[in-house]
Amino acid sequence: MILLALLLVSPALGTIRYEVSLAHPEQHLFHITMEVPDVQGEVKLQMAAWNALYEIRDFSSHVEQVQAFADGQPASIEKLDKLTWRVKGSGTITVKYATFWDDVGPFNSQLNSEHAFINPAMILLYVVDRRQEQVSLLLTSVPLEWQVASATTNFARPLGSREAAWEFASPSFDAFCDAPIEASHFEEFTLHEVAPPVRVVIHGDNYKKHEVETALRKIVQYETRMMGGAPYENYTFIFHIGKAAGGSGGGMEHANSTAIFVPSGGYLANVSAHEFFHLWNVKRIRPATLEPLDYTHEMYTRALWFAEGVTNTYGSYALVRSGLWSKQDFYQDLSAQITELESRSADQWQSAEQSSLDAWLEKYALYNQPGHSVSYYTKGQVLGVLLDIVIRDRTDNQHSLDDVLRSMNQDFAKQGKFYRDSLDVRLTAEKLTGGSLADFFANYVSEAQPLPYRELFPKAGLSLQEREMSRAILGFSVQREPNAPWTVASVDSGSSAEKNGLKVGDELLRWNNGDVPRRPDRWATQQKPGEDLHLRVHRDDKELNIDLHLGELHEKFYQVVELSDCDARAKRIRDGMLHGTTDPVTANQH
């Protein structure tokens, strides 16, 4: 149990107050009371349309049972649009409502008998023109066996023998929304040999504490050292691992914390290295196009290739430079990113900047297909490595991409300024190289020219090898709801499946005179192209036999390897990338 001072903080005059009840968690309803002081005539309240993901999700669709009061008396409340309510009255306005959440993952909120996970922007109304005022939140009906964790300062107050309440305070609504809350029976510890303190909270199973602690300590120590110190007074990792992660994966960065969901402890280091580096890149080194924060509309930016993709670069750099990865692990990861990128035909026309701009389309299945988009994570990660090589090559390994991040941290983050998307990234890199990088940014960031692997990799003592393999494919895709039969979801144009009459919606009854395999796509990879497949399907109250041939897919795979005959200069650049080092400036360097 966390030992906290049993202290109550009286909210200052004008503080907007919330009470969130976790009573009856099996109902998945957060019961919320909001108090807004000093209202003159009316107040407009709003619920965010997006948070955590670049995706309009309209959190107001979860809200129900809204009531309003003015100084304790019923007040008129009118809904103006999908996000906004207007309450008429003066004095202290109180609004009561419930919001249903049972969605697993760091990008959602959830309340059940096992835990409560809260992204505040998803459950709390805010006053449209008073987001910068102080807020407090009282979390009530918390089971006594549960602990509570958040990067926000919190205090515990026992209310009785069966439940407890926890109080939080924050200088503004926006700051409060940047600190998720976990309430559950979790394990907690503080990382050794790390300062400022880093707290680790784990809800779940399928992990080894020693391995988690070792990995996090190395990541935190390396990234903090590389960036010249920590930008926080304390930091909190919130993990959901194994069953608690619900099969989901991923992480969400916050100003002084992160929430990470992984199926097992073995996946933890990669996600953690990425999310922790977000402390600098995106949370503090921040594109101007993401400010000021607008919860109601899309916020378009061309900088996600840098904010997210280059954060991926530093996630992998941190792992290899801290010793958690071997250099072969690093090469394998980079190879996988290049293979993924080059396998998507959209890479021929969608630039890194356009991929960033189109992030809001990722909720559509069609957009995510290989012919329609590339990931700014993937393309940005590869661009980060290539830009690092360019900087090291032009400066004889005396500067690197590390210096770009440190310079932007100094010139923008620490000065409270926001950078101008790709422009200030380029200008910062040009200061280090002493020459123009306009062509690199125009060709590979703003446009979708083929990336210059074969030109740049040898400068770092590396080579990109290519091989082609073929495998069998079904020529159609299938889907299945829980406890329901397999059905045909799509049929590839020109495939044997299409030519032989398979239709979308056909229900699969038999597969080669047996049951449909548990994973049909994986079954296909174990067969040979051209082999027969006999299907019996149900369509329009009839059963039909359909015979087809498996198709063939040719795939290219890329592998990053070291050049054994590279010169000493290329080897210095390669070693510098792998170890995060540069060469000292010589006496005649100017």
Side-chain angles (χ1 to χ4, degrees), residues 26 28 55 57 61 100 102-105 107-108 110 112 206 242-250 261-264 267 336 339-340 343-346 361-373 375 468-557:
E26 71 282 355
H28 315 299
E55 184 176 302
R57 291 190 283 166
S61 63
F100 182 98
D102 189 28
D103 295 344
V104 71
F107 318 110
N108 298 299
Q110 186 173 36
N112 59 31
N206 200 16
K243 293 179 181 178
S248 68
F261 288 53
V262 287
S264 72
Y267 292 88
T339 297
E340 162 64 17
S343 72
R344 302 183 74 89
S345 58
L361 301 177
E362 291 177 344
K363 67 179 181 180
Y364 301 111
L366 178 65
Y367 175 79
N368 290 299
Q369 292 180 7
H372 294 269
S373 68
S375 168
E468 186 171 299
M469 297 179 63
S470 64
R471 64 177 177 87
I473 57 172
L474 296 174
F476 61 94
S477 66
V478 295
Q479 62 186 7
R480 182 176 62 176
E481 297 295 330
N483 302 316
W486 288 101
T487 60
V488 177
S490 65
V491 179
D492 298 345
S493 177
S495 66
S496 176
E498 182 188 55
K499 294 175 182 177
N500 288 281
L502 192 66
K503 302 288 186 183
V504 172
D506 284 350
E507 180 183 318
L508 301 181
L509 302 176
R510 302 291 285 171
W511 185 288
N512 278 349
N513 299 316
D515 294 333
V516 180
R518 292 181 59 187
R519 302 184 67 176
D521 285 333
R522 175 172 290 186
W523 175 90
T525 65
Q526 300 169 348
Q527 314 305 313
K528 295 180 180 179
E531 287 189 352
D532 294 334
L533 174 59
H534 308 288
L535 299 176
R536 187 162 182 82
V537 304
H538 183 268
R539 179 196 306 162
D540 298 332
D541 297 325
K542 297 179 181 179
E543 292 189 6
L544 305 172
N545 292 315
I546 296 179
D547 297 330
L548 55 91
H549 304 294
L550 297 179
E552 185 173 11
L553 177 66
H554 294 275
E555 294 181 309
K556 288 184 178 179
F557 293 87

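The neighbour count for Glu26 CD, taken as heavy atoms of other residues, nucleotides or ligands under 6.0 Å away, is above 12. Enclosure of atom NZ in Lys556 is not indicated, since only 12 or fewer non-hydrogen atoms of other residues, nucleotides or ligands lie within 6.0 angstrom. The 12-atom threshold is exceeded at CZ of Phe100, counting heavy atoms of other residues, nucleotides or ligands nearer than 6.0 Å. In this structure, Tyr364 places its OH atom where only 12 or fewer heavy-atom neighbours from other residues, nucleotides or ligands lie under 6.0 Å away.
Residues meeting the side-chain contact (heavy atoms from CB on, under 4.5 Å) test with Gln479, sequence neighbours left out: Thr487, Ala489. Partners of Gln110 under the side-chain contact (heavy atoms from CB on, under 4.5 Å) rule, at least two apart in sequence or in another chain, are Asp102, Val104, Asn112, His115.
Residue pairs satisfying the salt bridge (Lys or Arg N to Asp or Glu O under 4.0 Å) criterion with at least one member in residues 510-527, sequence neighbours excluded, are listed as follows: Arg510-Asp515. Among pairs with a residue in residues 483-503, none fulfils salt bridge (Lys or Arg N to Asp or Glu O under 4.0 Å), at least two apart in sequence or across chains. Note on residues 477-515: pairs passing ring-ring contact (aromatic ring centres under 6.0 Å, His included), not counting sequence neighbours, are Trp511-Trp523.
For Pro370 against Ser343, the heavy-atom pair with the smallest separation is CB-O, 4.4 Å. Minimum heavy-atom separation, Gly475 to Ala497: O-CB, 3.9 Å.
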For residues 537-554, run the donor-acceptor check on the side chains, cut-off 3.5 Å, and write out each pair with its distance to 0.1 Å, sequence neighbours left out.
from   : atom 1 : to     : atom 2 : distance (Å)
Arg539 : NE     : Asp506 : OD1    : 2.7
Arg539 : NH2    : Gly501 : O      : 2.9
Arg539 : NH2    : Asp506 : OD2    : 2.7
Glu543 : OE1    : Arg536 : NE     : 2.9
Glu543 : OE1    : Arg536 : NH2    : 3.1
Asn545 : OD1    : Arg536 : NH1    : 2.8
Asp547 : OD1    : His534 : ND1    : 2.9
His549 : ND1    : Asp532 : OD1    : 2.8
Glu552 : OE2    : Ser470 : OG     : 3.3

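Panel note: side chain Arg344, backbone Gln369; a donor-acceptor pair is recorded below 3.5 Å. Panel note: side chain Ser264, backbone Asn206; no donor-acceptor pair is recorded below 3.5 Å.
Rounding to the nearest 0.5 Å places CD of Glu531 at 9.0 Å from CG of Asn512.
Residues Phe476 and Leu535 form a side-chain contact, since some pair of their non-hydrogen atoms from C-beta on lies under 4.5 Å apart. You'll find the side chain of Ser373 stays beyond 4.5 Å of the side chain of Leu361, heavy atoms only.
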